J.: 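Structure incoming, see below.
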There are 2 protein chains.
Amino acid sequence: MDISVKKKRTRGRLSREMIEDAAFEVIEREGLSGFSMRKLAAELGCEAMSIYHHFPSQAHLYEALVDRQISSIKIPDDGMRWRQRIHVAVKEYRRVATEHPAFAPFIVVYRMNSPTCLAKLNDVIGLFEAGGFGLELSARLFRATSYYLMGAILDETAGYAKGPSAVTTVSDEALARDFPGVMAAGAYFGTAGFDKTFDIGLDMLLDEMERIRDGANAR
Amino acid sequence: MDISVKKKRTRGRLSREMIEDAAFEVIEREGLSGFSMRKLAAELGCEAMSIYHHFPSQAHLYEALVDRQISSIKIPDDGMRWRQRIHVAVKEYRRVATEHPAFAPFIVVYRMNSPTCLAKLNDVIGLFEAGGFGLELSARLFRATSYYLMGAILDETAGYAKGPSAVTTVSDEALARDFPGVMAAGAYFGTAGFDKTFDIGLDMLLDEMERIRDGANAR
DNA sequence: CTTGACAACTTACGCTGTAAGGTTAATTTT
DNA sequence: AAAATTAACCTTACAGCGTAAGTTGTCAAG
C-alpha cells in the first residue's frame with residue numbers, strides 16, 4: 001500500500017556518454033533554453049544531482065557536447081587543391097554544427113579552449129596559411145570566412161525559418177501590403193534555399209581569396 | 001527605532017524610456033545572462049513587479065530594446081553609388097548593433113517582426129534589389145551578406161577577444177607549444193584588428209557582387 | 001471631501017543550478 | 001566469510017529567476 005515507488009539503486013547505470021546522448025535528445029526536444037539538469041535526469045531515469053558525479057557542472061557538460069561535435073569534424077588533408085580543401089572544411093563544419101540544430105547556436109557563441117577544439121582550430125588555421133597569403137592576411141581571411149560560416153549556421157538553425165521570436169507580430173496581409181520587399185524576398189529565405197544561398201556566399205569568398213592569392217603571386 | 005526604511009511611494013516615477021535606459025546599463029554591467037528584472041528594479045530604485053506595469057513581460061522589454069537600436073539605423077538614400085550604399089548600410093548596422101556590446105548577441109539571434117524592424121529590413125532588401133540582380137539573386141546576396149555581418153558582430157562582441165568561455169583551459173605556454181598556428185594567428189584576432197578584418201571581408205563580398213552584376217549586364 | 005483609477009508594491013508559486021551531506025551497493029582488504 | 005572502504009547515486013535545501021494575483025498608497029477629477 002506504499003504509494004511511493006522505491007527507486008532501485010544500482011551503480012554504474014550512468015556514464016558520460018549516456019548523459020551526453022540524453023542531453024542532445026532533451027535539447028532537441030525542449031530547445032536550448034528549455035533544457036535543464038532536472039529534465040535531463042528525468043530522461044535518464046535518475047536524479048538531477050546524480051549527473052554531477054560525472055560532470056562537475058552544467059557548463060562542463062555543455063563543453064563536453066561541444067568537444068564531441070567539434071572533434072567529429074574531419075579536416076581534409078592535402079590530397080586536393082587548396083580551394084577544394086577550404087570548401088570541404090567549411091561545409092564539413094557547417095554539417096557537424098547543424099547536426100543537432102537546437103544546440104548549434106551554443107556552438108557558434110562558444111569560445112572553445114579545450115585541447116580537442118584547439119587542435120582542430122590549429123588545423124584549419126594551417127589550411128588558410130597553406131593558401132600562401134602570409135601570416136596576417138591568412139589569419140584575417142580565416143576570421144572573415146568564420147564570420148560568414150557562423151552567421152549562416154546561426155540563421156539556418158535559429159533564424160527566421162523558425163518563425164518570429166518577437167512578441168509583436170505583423171500579419172501576412174500587413175506584411176504583403178506594407179513590406180512587399182520583405183514578402184517577396186522571404187520566399188527564398190526558407191529551409192529549402194539554405195544550401196543554395198550558402199554555396200553562393202561561400203563561392204564568392206573562395207573566388208575572392210583565389211583572386212587575392214593570384215594577384216599576390218603575380219607581383 | 002524602526003529598522004526597515006519605508007519606501008516612499010510616488011507615481012509617475014517610471015517610464016518606458018527610463019526602464020529601457022536602465023536595462024542597457026544593467027546589461028552592460030552584469031552581462032546579458034546576468035540581467036534580471038530584479039536587478040533592473042534595483043537600478044531603478046523600485047520593485048521588480050513595478051516594471052510589469054510598463055512592459056507586460058521581459059520579452060516585451062527586450063523587444064523594445066531591439067526596436068530602439070534597429071530604428072536608429074540610417075539607411076543611405078540614392079545619393080551615392082550602389083556599392084557605397086551597401087557599404088555604408090552594412091557598416092551602420094554593425095555600428096548600431098555593437099553600441100551596447102553585451103546586448104549585441106541578442107540582436108543577432110533575435111527574429112524581429114515588429115513594424116519598425118520590418119520597415120528597416122524592407123529598405124535594406126530594396127537596396128540589394130537596386131543592384132539589379134533580379135529578385136532571387138538579390139535576396140540570396142542579402143542573406144549571404146547578412147550571414148557575414150551577423151557572424152562578425154557576434155565575434156566582435158562575444159568572441160575570443162573576451163577570453164574563453166570554456167571550463168577547460170589551456171595555458172599560454174601549452175598553446176604556444178602544441179598549437180603554434182592558433183598562437184600566431186591569435187595576434188590578429190584582438191579588438192585592435194576588428195575593423196581591418198571586417199573591411200577585408202566586406203570588400204571581398206562587395207567586389208564579388210559588383211563582378212556578378214557586371215557579368216550579368218555584359219551578357 | 002469623496003471617489004475612482006492608476007501606478008507601484010507585496011506575496012507567493014514553480015522553476016532553475018548546485019552545495020552539503022546521507023545512503024547503499026560493489027569492491028577490496030583482512 | 002566478514003569487515004572496511006570506496007564509488008555512485010539520492011535527499012534536502014537555498015538563493016535567484018520570471019511573473020500571476022492581489023493589495024495599497026497617491027493623485028486628479030467631480
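Everything quoted here is computed from the prediction, not taken from an experiment. No hydrogens, no waters, no symmetry mates; every other heavy atom, side chains included, goes into these values. Protein chains get the first letters and strands the later ones, always in sequence-line order, with residue 1 at the start of each.
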J.: When the C1' atoms of the five terminal pairs at each end define the local axes, what inter-axis angle does the helix from C:dC1-D:dG30 to C:dT30-D:dA1 show, to 10 degrees?
T.: 20°
J.: Can you list, by residue number, the residues of residues 49-61 of chain B that have a non-hydrogen atom closer than 4.0 angstrom to DNA chain D?
T.: B:M49, B:Y52, B:S57, B:Q58
J.: Please list, chain by chain and in numerical order, all residues satisfying side chain to side chain donor-acceptor pair (under 3.5 Å) with B:D21, sequence neighbours excluded.
T.: B:R68
J.: List in chain and number order the residues that pass side-chain contact (heavy atoms from CB on, under 4.5 Å) with A:M150, two or more places apart in sequence or in another chain; answer none if no residue qualifies.
T.: A:Y93, A:V108
J.: Taking N or O atoms only and anything under 3.5 Å, show me the protein contacts with nucleotides 22-24 of chain D, one pair per line.
T.:
unit_1 : atom_1 : unit_2 : atom_2 : d
D:dT24 : O2     : B:R9   : NH1    : 2.6

J.: Show me the donor-acceptor pairs within less than 3.5 Å that the side chains of residues 22-43 of chain A make with the rest of the protein, sequence neighbours left out.
T.:
unit_1 : atom_1 : unit_2 : atom_2 : d
A:E28  : OE1    : A:A102 : N      : 3.4
A:E28  : OE2    : A:A102 : N      : 3.0
A:R29  : NH1    : A:E43  : OE1    : 2.9
A:R29  : NH2    : A:E43  : OE1    : 3.1
A:S36  : OG     : A:R38  : N      : 3.4
A:S36  : OG     : A:K39  : N      : 3.1
A:K39  : NZ     : A:G34  : O      : 2.7

J.: Apply side chain to side chain donor-acceptor pair (under 3.5 Å) to B:K91 and list each qualifying residue two or more places apart in sequence or on a separate chain.
T.: B:D199
J.: Mind checking what makes ring pair (Phe, Tyr, Trp, His ring centres under 6.0 Å) contact with B:F198, not counting sequence neighbours?
T.: B:Y148
J.: The criterion is ring pair (Phe, Tyr, Trp, His ring centres under 6.0 Å); which residues satisfy it with A:F142, sequence neighbours excluded?
T.: A:F128, B:F189
J.: For residues 102-119 of chain A, pull every pair meeting salt bridge (Lys or Arg N to Asp or Glu O under 4.0 Å), keeping only residues two or more places apart or in separate chains.
T.: none
J.: What pairs with A:Y110 under ring pair (Phe, Tyr, Trp, His ring centres under 6.0 Å), at least two apart in sequence or on another chain?
T.: A:F106
J.: Provide the full list of side-chain hydrogen bond (donor to acceptor under 3.5 Å, both in side chains) pairs with a residue in residues 95-109 of chain B, sequence neighbours left out, each pair given once.
T.: B:Q69-B:E99, B:E92-B:R95
